[in-house]
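Report on the structure given below.
Both backbone and side-chain heavy atoms feed into the values below; hydrogens, waters and symmetry mates do not.
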Amino acid sequence: MPARIQFSDAIEPLVQFIEDTPPGEILERTLEKLRAGVPTQTMLTASALAVTRSTEMPPGHHGGPLHPLAGLYAVSKLVERLEGEQRFLPVLQHVALVNKHIHHPAMGPYSLLEFAPLDAGGVEATKAAFLMAVNRGEWNNSDHLFQWLWRNAPPIEGFDLLMTVAIPKNFNDDHYFMFPGTMWRAFETGVLDKADLPLLMRPVVRFVTRSPVAPPNPIPSPLPQIEALIDEHQLLNRIYRQRSGEDETAAIGELGEAIGRIDVFADIPVLMAKALTTGLSLDGAGEALSIGAAGLFLRSLCGNPMDVHLHTSVNLRRYLLRLDGLSLRNKLMLLLTWQSGPEIRSTQMRMEPAPQPDMAAVAALPPRSQEALLDAITHSIYNQPPTDWSKVTNLGQMRALPEVKETVNLAQQYVQCGYDPQAFIGRLGEIVCHDNFTEMHAFKHHQSIVEEFYATREPWRWMHLVCGAQAAAISFGKNMAVYEQYLELLHAA
């Protein structure tokens with residue numbers, strides 16, 4: 001009979017603890033273990049293993065292992081920046097989400113079984129068999145095939161194959177691209193042990209293989225236009241400079257600002273393709289896309305706290321563009337498909353004129369010291385009007401409340417004053433720990449704006465910090481049950 005996946009004796013008891021503990025007890029008992037000395041990274045690894053073994057991916061992308069696994073890198077990095085027991089909060093959020101999914105009837109009970117590797121006749125034949133399985137939506141078959149591929153081909157070859165399938169599906173759902181990319185990054189940056197790659201990538205392979213859920217309002221695929229641009233400009237036949245330099249600053253800024261001013265998102269790959277023909281480096285193109293994404297996010301009127309893919313997706317793309325072993329075609333597709341996902345496309349319908357923020361409103365603010373301004377930003381975020389959920393019929397259509405602009409203007413004043421970015425980032429890191437509504441989206445956005453700030457040159461890097469404040473104001477207070485229970489445990493201690 002097929003056997004359930006089992007882990008090493010060192011971590012199996014901790015995985016079982018996360019799987020078996022009743023949801024009403026998971027926070028208190030996890031906090032006890034962390035205080036007793038269980039390392040935060042060990043707890044997060046056990047959490048990842050538990051959600052992989054004991055939850056099934058329902059239709060769509062909400063539930064199962066997707067968001068807990070995709071959020072693992074961001075959570076781990078935030079833990080590194082926090083101090084004292086605050087470091088426990090992101091871990092508690094992750095474990096609570098995993099435990100919730102394991103005990104949810106749409107995702108469990110479920111057991112991931114041992115799968116025998118399937119050799120279709122060597123590496124190339126097994127790759128071809130995987131592509132055939134994708135065409136048929138046979139995720140179970142793909143799981144068998146990739147268990148063999150991970151062991152018999154360089155892992156980067158398997159990842160490149162996954163991305164060849166995943167990037168075009170970005171049009172159907174941004175998560176087809178985000179899930180494999182964030183997981184690969186977690187392994188490559190040491191957040192996860194590479195020895196666990198064949199196991200923890202199993203939900204990724206199964207998700208990427210399956211047929212996408214049809215969108216409620218289908219639109220024509222943008223892929224023919226993107227393929228035509230690749231052919232028209234002979235993009236696959238060019239030799240590209242990988243790294244950027246100071247000599248590209250003007251070109252990067254010009255392209256980034258042009259993307260940030262655009263009203264029709266389908267025009268973005270046209271701008272990108274033309275820039276690549278002029279000799280812009282791949283890294284420079286990614287940086288320009290990041291500047292443009294920040295400009296569009298600041299113009300966005302979206303009030304859905306999960307609509308953060310403009311940043312999380314571009315941040316991941318910039319990481320993957322630097323990845324040795326990823327094919328040129330996939331790198332070009334990364335640059336040309338950013339705007340194609342539905343979570344980003346929806347922003348086009350709710351935009352303010354460029355540029356934003358309103359600099360006149362910022363100039364009218366009274367002068368404040370750094371600490372006073374940080375407190376004003378925090379107060380603005382904490383006092384956003386509560387959401388009347390009785391009037392929310394479609395989360396994806398939510399619009400940001402006017403009070404969000406108050407936070408944005410204060411954040412803009414902070415960066416114009418040249419105050420300490422690390423103090424600003426630290427305050428936002430504390431705020432993001434309140435969230436358990438967005439299933440890790442708020443954590444991923446926070447990590448993205450931190451990395452994009454440090455990876456973007458002057459004078460555009462400041463935009464990312466302002467975007468972080470805007471996202472925090474939108475997501476704060478939607479659901480903070482985990483944080484509130486944590487406070488009760490602190491008082492009871």
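- Between H61 and H67, the side chains place no donor N or O within less than 3.5 Å of an acceptor N or O (distance only, hydrogens not considered).
- Contact annotation: the side chain of Q339 approaches that of P269 to within less than 4.5 Å [non-hydrogen atoms, C-beta and beyond].
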Hey, mind stepping through E430 and T378 against side-chain contact (heavy atoms from CB on, under 4.5 Å) and telling me if it holds? CA-CA 10 Å; E430 295 172 7; T378 304; over 6 Å; no

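- Of the possible polar contacts, none joining the Q412 side chain to the V362 backbone as a donor-acceptor pair under 3.5 Å is found.
- Under the 4.5 Å side-chain criterion, counting only non-hydrogen atoms from C-beta, M306 is in contact with H62.
- D307 has its side chain out of reach of S300: every pair of non-hydrogen atoms, C-beta onward, lies at least 4.5 Å apart.
- Side chain of R210 to main chain of W139: no donor-acceptor pair is present (N/O by atom type, distance under 3.5 Å, no hydrogens or angles).
- Annotation: side chain of M463 is not in contact with side chain of V415 (no heavy-atom distance under 4.5 Å).
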Could you go through the ring pair (Phe, Tyr, Trp, His ring centres under 6.0 Å) check for F177 and H309 one step at a time? CA-CA 11 Å; F177 155 75; H309 287 237; 9.5 Å; no

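- A pairwise comparison of heavy atoms in A442 and D435 identifies CB-OD2, 3.6 Å as the closest pair.
- In terms of modelled atom types and a separation under 3.5 Å, the side chain of Q470 and the main chain of T407 share no donor-acceptor contact.
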Worked verdict on T249 versus W460 for side-chain contact (heavy atoms from CB on, under 4.5 Å): CA-CA 10 Å; T249 296; W460 301 280; 3.9 Å; yes

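- Between A354 and G260, the closest heavy-atom pair is CB-O, 4.3 Å.
- Under the side chain to side chain donor-acceptor pair (under 3.5 Å) rule, T456 has a single partner from R461, R318, E287, which is R318.
- Within 6.0 Å of atom NZ in K331, more than 12 heavy atoms from other residues, nucleotides or ligands are found, so the atom counts as buried in its surroundings.
- Of the possible donor and acceptor atoms, one in the side chain of Q225 sits under 3.5 Å from a partner among the backbone N and O of A266.
- The 12-atom threshold is exceeded at CD of E12, counting heavy atoms of other residues, nucleotides or ligands nearer than 6.0 Å.
- A 4.5 Å side-chain heavy-atom check between T40 and F88 finds at least one atom pair inside the cut-off.
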Derivation of the salt bridge (Lys or Arg N to Asp or Glu O under 4.0 Å) call for E80 and K77: CA-CA 5 Å; E80 293 175 5; K77 294 303 176 184; 3.7 Å; yes

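- Nearest heavy-atom pair across A469 and L428 is N-CD1, 3.9 Å.
- Checking side-chain atoms of Q41 against main-chain N and O of S76 turns up no donor-acceptor pair under 3.5 Å.
- A distance-only check finds no donor-acceptor pair linking the side chain of H379 to the backbone of L374 [under 3.5 Å].
- A side-chain donor from one of E439 and H101 sits under 3.5 Å from a side-chain acceptor of the other.
- Remark: the backbone N or O of H311 is not paired with any side-chain donor or acceptor of N315 at under 3.5 angstrom.
- Between the side chains of R202 and T52, no donor-acceptor pair is found at a separation under 3.5 Å.
- Two residues are said to be in side-chain contact when any heavy atoms from C-beta on lie closer than 4.5 Å; K33 and V95 fail this criterion.
- To the nearest 0.5 Å, atoms CG (L365) and CG (L373) are separated by 8.0 Å.
- There is a side-chain donor-acceptor pair under 3.5 Å between S290 and H464.
- Minimum heavy-atom separation, V204 to L200: CG2-O, 4.3 Å.
- Atom OG in S313 sits 6.0 Å away from atom CG in N170 (nearest 0.5 Å).
- Residue M440 comes nearest to G71 through the heavy atom pair CB-CA, 4.0 Å, listed as atom of the first residue, atom of the second, then distance.
- Side-chain contact of R81 with Q422: a donor-acceptor pair under 3.5 Å is absent, judged by distance alone.
- For R322 and E188, the salt-bridge test fails: no basic side-chain N is under 4.0 Å from an acidic carboxylate O.
- Between the side chain of N99 and the main chain of T21, a donor-acceptor pair closer than 3.5 Å is present.
- Looking at every heavy atom in both residues, V205 comes nearest to D143 through CG1-N, 4.1 Å.
- Ion pairing between a basic and an acidic side chain is recognised when a charged N comes within 4.0 Å of a carboxylate O; E56 and R206 show no such pairing.
- One finds the OG1 atom of T438 at 12.0 Å from the CD1 atom of I474 (value rounded to the nearest 0.5 Å).
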I would like to know whether E28 and E488 meet side-chain contact (heavy atoms from CB on, under 4.5 Å); could you show each step before the answer? CA-CA 10 Å; E28 181 175 5; E488 291 179 4; over 6 Å; no

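- How far CG of L49 is from CG of L199: 6.5 Å, rounded to the nearest 0.5 Å.
- In this structure, the separation between CG on L289 and CG on L255 is 8.0 Å, given to the nearest 0.5 Å.
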Would E32 and R35 satisfy side-chain contact (heavy atoms from CB on, under 4.5 Å), going step by step from the backbone distance to the final call? CA-CA 5 Å; E32 288 175 356; R35 284 174 169 166; 5.9 Å; no

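- Listed for the R87 side chain is a donor-acceptor partner under 3.5 Å among the backbone atoms of G84.
- Within 6.0 Å of CD in E25 there are more than 12 heavy atoms belonging to other residues, nucleotides or ligands.
- Considering only heavy atoms from C-beta on, Y382 comes within 4.5 Å of I431 through its side chain.
- H175 is listed as a side-chain neighbour of E343, based on a closest heavy-atom distance under 4.5 Å.
- Side-chain N/O atoms of R350 and N304 include no donor and acceptor closer than 3.5 Å.
- Once rounded to the nearest 0.5 Å, the distance linking OG of S448 with CG of L316 reads 8.0 Å.
- A donor-acceptor pair under 3.5 Å links the side-chain atoms of T182 to the main chain of F179, judged by distance alone.
- Ionic pairing of D263 and R299 is present here: one or more N-O contacts between side-chain nitrogen and carboxylate oxygen are shorter than 4.0 angstrom.
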